[in-house]
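This report refers to the structure that appears directly beneath it.
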There are 2 protein chains.
Amino acid sequence: MQEIPEIITSIKQAAELTGLSEDTIRYYERVGLLPYAERKANGHRHYTRHQIQGILFILRLKATGMTIEEMKRYLKLSEQGMTALPQRYSLLEAHHDHIGREIAKLQETQRIIEYKLKNFRVLTEDPDLSDPEKHLTQGAPLSGFSTD
Amino acid sequence: MQEIPEIITSIKQAAELTGLSEDTIRYYERVGLLPYAERKANGHRHYTRHQIQGILFILRLKATGMTIEEMKRYLKLSEQGMTALPQRYSLLEAHHDHIGREIAKLQETQRIIEYKLKNFRVLTEDPDLSDPEKHLTQGAPLSGFSTD
DNA sequence: TTACTACTTGGAGTGTACTCAAAGTCAAGC
DNA sequence: GCTTGACTTTGAGTACACTCCAAGTAGTAA
């Protein structure tokens with residue numbers, strides 16, 4: 001991660017710091033995920049370090065599968081400060097649980113893939129063995145469709 | 001999970017067994033993710049247990065973030081049988097790694113959320129504390145944008 | 001025979017999240 | 001003064017994965 005300067009003087013720089021495209025930053029502003037950015041005399045956007053950190057936090061939420069609308073809801077609650085604390089808490093908690101379930105699903109799929117990879121390895125050690133997916137197809141004929 | 005019968009006599013039943021909608025099953029067939037399903041005399045689709053298991057495996061891959069095109073690529077390799085084994089292996093391995101990185105990202109986000117939740121709890125125990133997001137904003141003024 | 005239900009097809013429409021293009025402004029360098 | 005480049009805006013277009021719809025057919029039930 002690079003050092004974020006105190007003031008960010010262009011959308012290009014903001015894009016570089018966040019990894020978003022300039023178009024995406026404008027798009028996020030347009031749909032209300034980002035607040036209307038302040039403009040310089042010539043109309044060009046500029047940002048504070050804090051705003052860039054805000055974008056980076058949004059990207060964290062996004063990476064967890066939050067939609068733009070969900071993120072907007074959360075940010076709106078944040079704007080309301082302490083009064084919306086309980087809502088913010090339960091929203092974050094629900095999202096935490098959601099991520100937990102996501103992780104569990106991914107891990108189970110990883111286990112399936114590991115099992116299949118192990119079978120592939122057996123196959124290459126002893127080239128006379130049959131289809132590595134048999135445990136999934138339960139001996140049914142492949143009929144033009146392979147289940148691995 | 002319910003028991004899958006040997007033959008599945010309608011798309012409706014296939015939809016029930018897989019959790020997909022009938023439209024989605026037809027869509028998958030249309031785009032080539034599923035092979036052209038056999039038809040009865042009246043033109044209605046029917047399936048074997050094996051084909052349903054194929055759909056269920058596809059759903060596993062899908063759940064890991066594979067696109068339809070990626071799944072098609074993999075299934076195509078599977079059709080080629082043993083000759084494409086090395087390609088299948090490395091494709092699965094790459095996908096396994098991909099999932100691993102996904103999991104790591106999600107876990108990091110979970111840790112961030114846990115940290116924030118902990119701060120929220122401190123707040124409600126002692127209502128005189130300030131913004132729970134301060135560790136993320138590094139004391140910058142909120143300027144209409146909250147980073148949590 | 002009529003009604004109803006369950007399917008069929010091809011094609012159009014939807015939601016999400018961008019992504020691109022056109023036309024214009026502004027400041028700097030030659 | 002002219003060109004170049006970096007931005008601005010609005011609006012249209014794209015990619016993906018469905019989802020819906022209209023028109024038609026086949027089989028069953030009254």
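Chain letters run A, B, ... following the sequence lines, proteins first, then strands; residues in each count from 1.
With hydrophobic clusters built from ILVMFWY side chains whose heavy atoms lie under 4.5 angstrom apart, A:Ile7 does not share a cluster with A:Ile11.
Between the C1' atom of C:dT9 and the CD1 atom of B:Ile25 lies a distance of 17 Å, rounded to the nearest Å. Across the protein-nucleic acid pair, B:Glu29 atom CD and C:dT9 atom C1' stand 11 Å apart, rounded to whole Å. We find that CD of B:Glu38 is positioned 17 Å from C1' of C:dC7, with the value rounded to whole Å. Rounded to a whole Å, the CD atom of B:Glu22 is 15 Å from the C1' atom of C:dT9.
Residues of residues 39-46 of chain A having a heavy atom closer than 4.0 Å to DNA chain C, listed by number: A:Asn42.
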- Item | Nucleic acid footprint by protein, nucleotides 11-21 of chain D - heavy-atom cut-off 4.0 Å, B for base, S for sugar-phosphate alone | B-----BBBB-
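Judged by the 6.0 Å distance and 45° axis criteria, A:Lys116 is positioned over the aromatic ring of B:Phe57.
A donor-acceptor contact shorter than 3.5 Å is absent between the side chain of A:Lys72 and the backbone of A:Leu34. For B:Gln13 (side chain) and B:Thr9 (main-chain N/O), a donor-acceptor pair under 3.5 Å exists by modelled atom type. With hydrogens and angles disregarded, no donor-acceptor distance shorter than 3.5 Å links the side chain of A:Glu79 to the backbone of A:Lys76. At least one donor-acceptor pair under 3.5 Å links the side chain of A:Arg49 to the backbone N or O of A:Ile4.
Put simply, the residue from A:Glu29, A:Glu38, A:Glu22 that forms a salt bridge (charged side-chain N to carboxylate O under 4.0 Å, His left out) with A:Arg45 is A:Glu29.
Using a 4.5 Å cut-off on side-chain heavy atoms (C-beta onward), B:Ile25 and B:Tyr47 make contact.
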